[in-house]
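Note sheet for the following structure.
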2 protein chains.
Amino acid sequence: MTAQRRVVAEVLDGDHVHLTADEVHARAVAKLPEISRATVYNTLGELVSLGEVLEVATDRRAKRYDPNAHKPHQHLVCAQCGAIRDVHPAGNPLGDLPDAERFGFVVSAVEVTYRGLCPSCAGA
Amino acid sequence: MTAQRRVVAEVLDGDHVHLTADEVHARAVAKLPEISRATVYNTLGELVSLGEVLEVATDRRAKRYDPNAHKPHQHLVCAQCGAIRDVHPAGNPLGDLPDAERFGFVVSAVEVTYRGLCPSCAGA
DNA sequence: ACTTGACCTAGACAAAGTCCATTGTAGGAT
DNA sequence: ATCCTACAATGGACTTTGTCTAGGTCAAGT
C-alpha cells in the first residue's frame, strides 16, 4: 500500500460515484500532485482485478469505475446529461435467456443498462 | 442516394454481421476504392439516425453496426474471442425495473448483454 | 554498502472517432 | 448550354482514451 494507491482508493470511496479514469486522476492529483496517469490506470486495473471496483461502460467514451462492487446491480443512464444511477431490477435476467437461445455458450454474466431521461433533462 | 451510401448499405446487408466502422470501411474500399473513412462514419451515423442500423457497444474498443434493427433483440458475447450472437430473451426487461428504482427517470430503452464463452473457447 | 525488486514517472505511442477546409457533383435556374 | 447553389465527399489534422516503455526511486534483505 503506497501513497499513490491510497489516494486512488480514497478518491473512489465515499459517494456512489461513477468516475472516469481521467476524473479519478484529476482528483488524485489534487491530493498528491506528482501522481502520474499511468499509475492511476495501473491502480484502477488492480482494483478491478481484486474485485474491489467494477468497470462500467455505459457510453463509448471513457470507462467508469464503480466502487459499489459487492452488491450486484445494474445501471440507469440519462441519455442527455449522462447521469448514472445504480438500480436493482426485479427478477434474474440470466434466467430469461432460454437454452435454445444460448447457442452452446457458457453464459456467466449479464449486464443491463436502462436508458432514459433524468428528471431535470425530461422537464427541460 | 449516392454511390458511397449505396456501398455502405450493401456492406451491412446480408449476413447477421456485427462489423466495426473500420471493417465496414475496409469492405467498402474493396467495392469503391476512393471512399474515405469520414464518409463511412457519416453514412453509418445517418443510417443510425434513420433507425436502419443499430450501434452496438459490446466492448470498449470499436462500435459495431448491426443491420438487424427492426426486430428487438439483445446480444450474447464471448468474453474470449469476441463472437457476437443476436439473442431473444424471454420476458420484458423494461418491466423488471420497479417504479421505486426509477428515480423519476423516463425510462425508454434497455440494453442487455450476456457474457460467457462460446462453444469453441469453452472447449479449448 | 550493494543488490534486488516493486513501484512510480514522464512521455511516446496507438486506436477510434470527430472536425474542418476544400473539392466535387447533381439539379435547377437563366 | 452554362451558371449557381446546396449538399456530399475527401483527406488530413486533431482529440480522446488508454497502453507501453525506459528509466528512476526507494525500501528491504544480505
Side-chain angles (χ1 to χ4, degrees), chain A residues 1-12 17-50 52-67 75 77 79-82 84 113, chain B residues 1-12 17-50 52-66 75 77 79-82 84 111 113:
Chain A
M1 175 60 75
T2 65
Q4 285 81 357
R5 298 187 183 190
R6 183 168 33 76
V7 165
V8 170
E10 281 174 16
V11 166
L12 283 174
V17 289
H18 300 84
L19 299 173
T20 66
D22 258 11
E23 286 164 354
V24 172
H25 179 229
R27 298 192 185 196
V29 164
K31 300 188 179 206
L32 186 68
E34 70 272 27
I35 195 170
S36 79
R37 242 162 40 94
T39 298
V40 171
Y41 275 99
N42 287 341
T43 306
L44 288 172
E46 285 162 23
L47 289 170
V48 170
S49 298
L50 291 172
E52 294 297 316
V53 164
L54 292 178
E55 272 183 10
V56 181
T58 53
D59 59 22
R60 284 106 238 139
R61 314 223 351 129
K63 293 179 204 169
R64 295 178 175 274
Y65 291 88
D66 185 341
H75 292 104
V77 181
Q80 192 160 328
C81 71
I84 302 176
T113 304
Chain B
M1 174 61 76
T2 65
Q4 285 81 358
R5 297 186 183 188
R6 185 167 31 76
V7 165
V8 171
E10 281 173 16
V11 166
L12 283 174
V17 290
H18 300 83
L19 299 173
T20 66
D22 259 10
E23 286 164 354
V24 172
H25 179 231
R27 298 191 185 198
V29 165
K31 300 188 179 209
L32 185 68
E34 69 273 26
I35 195 170
S36 80
R37 239 162 44 92
T39 298
V40 171
Y41 276 100
N42 287 341
T43 306
L44 288 172
E46 285 163 22
L47 289 171
V48 170
S49 299
L50 292 171
E52 294 297 316
V53 163
L54 292 178
E55 272 184 10
V56 181
T58 53
D59 58 23
R60 282 108 238 136
R61 314 222 354 124
K63 292 178 204 169
R64 294 175 177 275
Y65 292 87
D66 186 341
H75 291 105
V77 181
Q80 192 160 331
C81 70
I84 302 176
E111 291 161 23
T113 303

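Here is the naming used below: chain letters follow the sequence lines, and residue numbers restart at 1 for every chain. Scope of the values below: all heavy atoms of this structure, side chains included, with no hydrogens, waters or symmetry mates.
- First and last contacts of DNA chain C with chain B, using any nucleotide atom under 4.0 Å from a protein heavy atom and ordered 5' to 3', fall at C:dA15 to C:dC19.
- Annotation: side chain of A:T39 is not in contact with side chain of A:R5 (no heavy-atom distance under 4.5 Å).
- The only member of A:V8, A:T20, A:I35 that meets side-chain contact (heavy atoms from CB on, under 4.5 Å) when paired with A:H25 is A:I35.
- Put simply, NE2 on A:H75 and OG1 on A:T113 are 8.0 Å apart, with the number rounded to the nearest 0.5 Å.
- Heavy atoms of B:T39 sit under 4.0 angstrom from at least one base atom.
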Margin query: Walk me through whether A:V29 and A:K31 qualify under side-chain contact (heavy atoms from CB on, under 4.5 Å).
Written below: CA-CA 5 Å; A:V29 164; A:K31 300 188 179 206; over 6 Å; no
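- Contact check for A:Y65 versus A:H18: no side-chain heavy atoms found under the 4.5 Å cut-off.
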Next item on the list: Report, as a single string ordered 5' to 3', how protein heavy atoms within less than 4.0 Å touch nucleotides 14-29 of chain D: B base, S sugar-phosphate only, - not at all.
Entry: --SSBBB---------
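- A:T58 pairs by the side chain to side chain donor-acceptor pair (under 3.5 Å) definition with nothing, not counting sequence neighbours.
- Ion pair B:E23/B:R27 not flagged as a salt bridge, since none of the NZ, NE, NH1 or NH2 atoms sits closer than 4.0 Å to an Asp/Glu carboxylate oxygen.
- The CZ atom of B:R6 sits 16 Å away from the P atom of D:dA8 (whole-angstrom rounding).
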Notebook entry, point to check: Are A:L44 and A:L12 close enough, and set up right, to give a side-chain contact (heavy atoms from CB on, under 4.5 Å), and what steps lead you there?
Noted result: CA-CA 10 Å; A:L44 288 172; A:L12 283 174; 3.7 Å; yes
